[in-house]
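Computed from heavy atoms alone, side chains included, the values below leave out hydrogens, waters and symmetry copies. Note that the structure is predicted; figures quoted are calculated from it, not measured.
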Amino acid sequence: PQRRAMWLFLITIPVWTNLLIRTIAINEIIRSEGLLNQVLGWFGAGPVNLLYTDTAVLIGMAYVYLPMMVLPMYAAIDRFDTRLLEAAYDLFASRWQVLRHVVLPVIRPGIVAGSILVFVPSLGAYVTPRVLGGGKNMMIGNFIELQFGQGQNWPLGAALAVLLLIAVALALAVYVRALAGAERNG
């Protein structure tokens, strides 16, 4: 329990800061003269050029949205009754069977909630791809901004925004359906 509280604290620290500040921090870590390349230099490895690549955007998005996935899963796992594991092992279930038939059904609401909490904001992500991708990586949020800004194509921008809204509504409908199924199954 003491280590659990420490890890939970460390996972939630990034949420306390602004998204732009977190993204710029990742930018400083992975830039050519950044912390990552300094550490690689200490080990004799050559510098890695990650900034303004798809990998940089992936690292940034994972760092920004990781707490949103971990916290609902933590809540689901924390409520897990370990007596269910003991019962499954007493009935000679393998580890794979215990995971598939006992653990995953119980923590499924946490997995689905975390997936929705990550999916919805990442669909409209604008800052992270802009800063870490250097404007070269086109995600839907950046494309919508481009249509309203430089492109002056407001009908296309509005249509894309509505499509984004529909995608979010569909994701939330899937979440509600999964949650209702979990409640029906107890």
K.L.:
Do the side chains of Glu86 and Tyr89 get nearer than 4.5 Å, heavy atoms only?
P.N.:
no

K.L.:
Using the side chain to side chain contact (heavy atoms under 4.5 Å, CB included) rule, take Phe43 and Leu40 through it: C-alpha gap first, then chi angles, then the decisive distance, then the call.
P.N.:
CA-CA 5 Å; Phe43 291 111; Leu40 289 175; 5.6 Å; no

K.L.:
Does the side chain of Thr128 come within less than 4.5 Å of Ile26's, by heavy atoms?
P.N.:
no

K.L.:
Could you tell me the separation between the OG1 atom of Thr23 and the CD1 atom of Ile59, rounded to the nearest 0.5 Å?
P.N.:
12.5 Å

K.L.:
Can you tell me which residue pairs pass the ring pair (Phe, Tyr, Trp, His ring centres under 6.0 Å) test with a partner in residues 96-152, sequence neighbours excluded?
P.N.:
Phe148-Trp154

K.L.:
Hey, does Arg31 have a side-chain heavy atom less than 4.5 Å from the side chain of Leu36?
P.N.:
no

K.L.:
With the side chain counted from C-beta on, respond yes when Leu170 and Val174 share a heavy-atom pair under 4.5 Å apart, and no when they do not.
P.N.:
no

K.L.:
So how far is it from Leu71 CG to Leu66 CG, rounded to the nearest 0.5 Å?
P.N.:
9.0 Å

K.L.:
With no hydrogens and no angle check, is any side-chain donor or acceptor of Arg22 less than 3.5 Å from a backbone partner on Pro14?
P.N.:
yes

K.L.:
Give a yes or no answer on whether the side chain of Gln150 reaches the backbone of Gln147 with a donor-acceptor pair at less than 3.5 Å.
P.N.:
no

K.L.:
Quick one: list whatever passes side-chain contact (heavy atoms from CB on, under 4.5 Å) with Ile107, sequence neighbours left out.
P.N.:
Ala76, Ile77, Val103, Leu104, Ile111

K.L.:
How long is the gap from CE on Met68 to OG on Ser122, to the nearest 0.5 Å?
P.N.:
9.5 Å

K.L.:
For Asn142 versus Ala125, what's the shortest heavy-atom pair and its separation?
P.N.:
OD1-O, 3.7 Å

K.L.:
Which residues satisfy the side-chain contact (heavy atoms from CB on, under 4.5 Å) test with Leu10, sequence neighbours excluded?
P.N.:
Met6, Trp7, Ile13

K.L.:
Quick check for you: to the nearest 0.5 Å, what is the distance between Asn27 atom CG and Leu20 atom CG?
P.N.:
10.0 Å

K.L.:
Is it true that a side-chain atom of Glu28 and a backbone atom of Ala25 form a donor plus acceptor pair closer than 3.5 Å?
P.N.:
no

K.L.:
Any side-chain heavy atom of Thr12 sitting closer than 4.5 Å to one from Pro67?
P.N.:
no

K.L.:
Side chain to side chain contact (heavy atoms under 4.5 Å, CB included) for Glu145 and Arg130? Distances and angles first, verdict last.
P.N.:
CA-CA 11 Å; Glu145 184 271 333; Arg130 182 74 173 212; 3.8 Å; yes

K.L.:
With heavy-atom distances below 4.5 Å as the criterion, would you say the side chains of Ile144 and Leu156 are in contact?
P.N.:
no

K.L.:
Pick out which of Arg4, Met69, Arg79 makes a side chain to side chain contact (heavy atoms under 4.5 Å, CB included) with Tyr74.
P.N.:
Arg4

K.L.:
List the residues meeting side-chain contact (heavy atoms from CB on, under 4.5 Å) with Val106, not counting sequence neighbours, and say none if there are none.
P.N.:
Phe80, Leu84

K.L.:
Who passes side-chain contact (heavy atoms from CB on, under 4.5 Å) against Asp54, sequence neighbours left out?
P.N.:
Asn137

K.L.:
Can you name the residues that form a ring-ring contact (aromatic ring centres under 6.0 Å, His included) with Phe92, not counting sequence neighbours?
P.N.:
none

K.L.:
For Leu132, run the side chain to side chain contact (heavy atoms under 4.5 Å, CB included) check against Leu58, Val127, Leu51 and tell me which one passes.
P.N.:
Leu51

K.L.:
Rounded to the nearest 0.5 Å, how far apart are CG of Leu146 and CD1 of Ile140?
P.N.:
11.0 Å

K.L.:
Report yes or no: do Val120 and Leu164 belong to one cluster of Ile/Leu/Val/Met/Phe/Trp/Tyr joined by side chain heavy-atom distances under 4.5 Å?
P.N.:
yes

K.L.:
Are Glu33 and Asn37 packed together at the side-chain level, in the sense that at least one heavy-atom pair is separated by less than 4.5 angstrom?
P.N.:
no

K.L.:
Group every Ile, Leu, Val, Met, Phe, Trp and Tyr by side-chain heavy-atom contacts under 4.5 Å, then state whether Val64 and Val15 land in the same group.
P.N.:
no

